[in-house]
Each structure stands twice: as structure tokens, then as C-alpha cells.
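Everything below concerns the one structure shown next.
Remember, it's 1-based here, ligands and their atoms both numbered in the order they're listed. Numbering starts at 1 and runs along the sequence shown.
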Amino acid sequence: MKIAVITGTAGSGKTALTHALSVYLEEKNEDYAILNLDPGVKDDSLPYSPDINIRDYIRVEEIMVRYDLGPNGAFIATMDLVANYLGELRQQIIDLSPDYLIIDTPGQMEVFAYRATGSVIIDRITDFPESRKAIVFIFDPFLCHVSPGTLISTLLLAESVYWRFELPIVYVLTKIDLLEETEVNEILDLSEHPSKIFEKSKSFVSRHIEKAPLLSILLNQEEILGKKLIPVSSVTGEGIIDLFSNLLNAWSETA
Ligand SMILES: Nc1nc2c(ncn2[C@@H]2O[C@H](COP(=O)(O)OP(=O)(O)OP(=O)(O)O)[C@@H](O)[C@H]2O)c(=O)[nH]1
Ligand SMILES: [Mg+2]
């Protein structure tokens, strides 16, 4: 079983990309399943019907009421409580045993970047000897393009996710149908050569460089921080073939 875990910041397009990948696999007549691991998503807002749904076991809105928590605290508590249903989720995956499993994850990146919760859940429900796992990390162009600083934060976040999972990772730039070609190329270029970000924001950074010495080292060693992103549109399907072939390479890395 080849498993793709779709991660990225809130609203970056995880759910839309999950759907786009499923459309691609459907067209290729592949045997696939979708697991929704977002306990907070509104049921009628999903563009796909999940074959396995964490919300069949636990929902953020119920935990808010039961423990009198706000949305963020309730979300963290809900993800911790998912631990009670790992056996059931694992069994559902085994029952389906699809060739491809796409896992849509929640927007609150904290559970995947800074806490063990996300990676432990994925590990426990997919710990079959024959499974091949890869992470997809989405760069949202509307975060990356606003300011060089946000692109840097996203590059660092991508690396935190990589360290958390310790699995092959594929980096994607979504929503390219909403951008000019020059904007797409600029984001791809800056992500791959972050020292150019430094040049772009030199006036500010040079005045405050003493507060970010580590960052200035990282930016000037672009082979450390730089990442090659695969540009895709989940709406037009552009780039999905390229993403899939990168996923095949990533899965083969764990073989
Ligand atoms: N035009 C366009 N819109 C997109 C694309 N990907 C996502 N969107 C839109 O961006 C918004 C957020 O997309 P989602 O897929 O819900 O993002 P998400 O990362 O799952 O969001 P959360 O689960 O809330 O973190 C939706 O309105 C999508 O339709 C894309 O490639 N092109
Ligand atoms: Mg989503």
C-alpha cells in the first residue's frame, strides 16, 4: 500500500489536493481510498466522500461542548483522544487494503510540526510491513508571496514536518491557476534559492541582522534551506502528473 499524507498550513489546499489526487487515480482506474483525518471539517464542505472518516469516531464540536473548551484547545484535545480509535482506523484501512491511500490532515499544523500526536497517529494506523509512506507538504502561494519572511517561515515549517515524520517528503506549490506565470516562477526561484530572499529584504534584515544570525547563515547557504517545489493546481489538475511521479520516487525511497 502506498500512502500519501497531505500536510500544509491552514487553508493551503490540502483537502482540494486530496480530491485532485483522487480524481487522477480514478481516471487511471487505480484502486485508492481517502482517509479524512480532520475531526473539525464541516461534513458538507468536503469535495470528496472519504472512505474512512475520523469524524465517524470523534468531532471537534462535540469535544468543545463536553469539556467546555475553545476551538483551538478542543482541537488539540480531540487529536489526543483520537488515540482511543487507532485500532478501529487501522482495521478500516486493512479491510479496504487499497493500493493507494491518501490522508487529508487538519489545518492546525501544530499537531504535525511541533507535537508527536500527528506522526504517532499515522505510524500506528499504517504500520504494515508492506506500506510505503510519503509526506506531501503544501506551500500556499498566498503566504509565500506576501512577504519573503513568510516564505522563510514556511520553508522552516516544512523542515519541522520532515523531522517529525522522518519520511520522504515532496514539496508542492498549490493554486497556481490563481497566479501569473511570473509570480509562480518567482516563488519557485526564491524557494529553491533562499539567498535571493535575503537580497530582497536586505534593507530590513541588514538593520536587524543581530536578532536573526541563524537565519542569515541559513539563507546564505541555500543548499541547506532551499527546496524544489512542484507547481500544481487542484482546480485545473495542472502538475498533478508531475506530483504523482515525484510521489512514486518518494515511495520507492522507503522500499
Ligand atoms: N483556484 C484554486 N483554489 C484552490 C486550490 N487549492 C485549494 N483552493 C481553494 O482554497 C481554499 C482552501 O482549500 P482547502 O483544500 O479547503 O484547504 P485546506 O488546507 O484543506 O484547509 P484546512 O483543512 O481548513 O486547513 C478552498 O476555497 C479551495 O477551493 C487550487 O489549486 N486552485
Ligand atoms: Mg482541509
So does Tyr57 have more than 12 non-hydrogen atoms from other groups sitting under 6.0 Å from OH?
-> yes
Out of Leu247, Val5, Val232, Thr7, which one pairs with Val136 under the side-chain contact (heavy atoms from CB on, under 4.5 Å) rule?
-> Leu247
Heavy-atom count around Glu130 CD within 6.0 Å, excluding the residue itself: above 12?
-> yes
Take Gln91 and Asp95, measure what side-chain hydrogen bond (donor to acceptor under 3.5 Å, both in side chains) needs, and give me the verdict at the end.
-> CA-CA 6 Å; Gln91 191 56 48; Asp95 290 346; 2.9 Å; yes
Output yes when a protein non-hydrogen atom is found under 4.0 Å of atom 27 (O) of ligand 1, and no otherwise.
-> no
Hey, is NZ on Lys175 packed in by over 12 heavy atoms from elsewhere, all under 6.0 Å?
-> yes
Nearest non-hydrogen protein atom to atom 31 (O) of ligand 1, with distance, is Ser234 N, 2.8 Å
Gap between atom CD of Gln108 and atom CZ of Arg115 - 0.5 Å precision | 11.5 Å
Residue pairs passing the ring pair (Phe, Tyr, Trp, His ring centres under 6.0 Å) test with at least one member in residues 86-123, sequence neighbours excluded, are Tyr100-Phe244, Tyr100-Trp251, Phe112-Phe165
Option nearest atom 21 (O) of ligand 1 (shortest heavy-atom distance, choices Ser12, Gly11, Ala20, Pro47) | Gly11
Going by distance only, is there an N or O of Gly13 that falls short of 3.5 Å from an N or O of ligand 1?
-> yes
Is the number of heavy atoms from other residues, nucleotides or ligands under 6.0 Å of Asn84 CG greater than 12?
-> yes
Which protein non-hydrogen atom lies closest to atom 23 (O) of ligand 1, naming both residue and atom, and how far is it?
-> Asp38 OD2, 3.8 Å
Find out whether Gln92 and Leu35 are in side-chain contact, i.e. whether some heavy atom of one side chain is under 4.5 Å from a heavy atom of the other.
-> no
Atoms in ligand 1 with a heavy atom of Gly107 nearer than 4.0 Å = 25 (O)
Crowded around Glu62 CD? As in, over 12 foreign heavy atoms under 6.0 Å?
-> yes
Under 4.0 Å, heavy atoms only, figure out whether ligand 1 is touched by the backbone of Thr15, its side chain, both or neither.
-> both
Please work out which of Gly237, Ser45, Ala16, Ala10 has its closest non-hydrogen atom nearest to atom 15 (O) of ligand 1.
-> Ala16
If you measure from each heavy atom of Ser233 to ligand 1, is any distance below 4.0 Å?
-> yes
If you scan protein heavy atoms around atom 32 (N) of ligand 1, the nearest is Asp177 OD1, 2.7 Å
d(Leu17 CG, Ile138 CD1) to nearest 0.5 Å is 4.5 Å
Nearest protein heavy-atom contact for atom 19 (O) of ligand 1: which residue, which atom, what distance?
-> Lys14 NZ, 2.7 Å
List the closest protein heavy-atom neighbour of atom 2 (C) of ligand 1: residue, atom name, distance to the nearest 0.1 Å.
-> Val235 CG2, 3.3 Å
Grab the two heavy atoms, one from Pro106 and one from Met79, that are nearest each other, plus how far apart they are.
-> CG-CE, 4.1 Å
In the protein, how many N/O/S atoms are under 2.8 Å from the Mg ion (ligand 2)?
-> 1
Ligand 1 to Leu178, heavy atom cutoff 4.0 Å, flagged ligand atoms 1 (N), 2 (C)
Answer with yes or no whether the hydrophobic clustering places Ile58 together with Ile93; edges join I, L, V, M, F, W, Y residues whose side-chain heavy atoms lie under 4.5 Å apart.
-> yes
Protein heavy atom at shortest distance from atom 4 (C) of ligand 1 | Lys175 CG, 3.8 Å
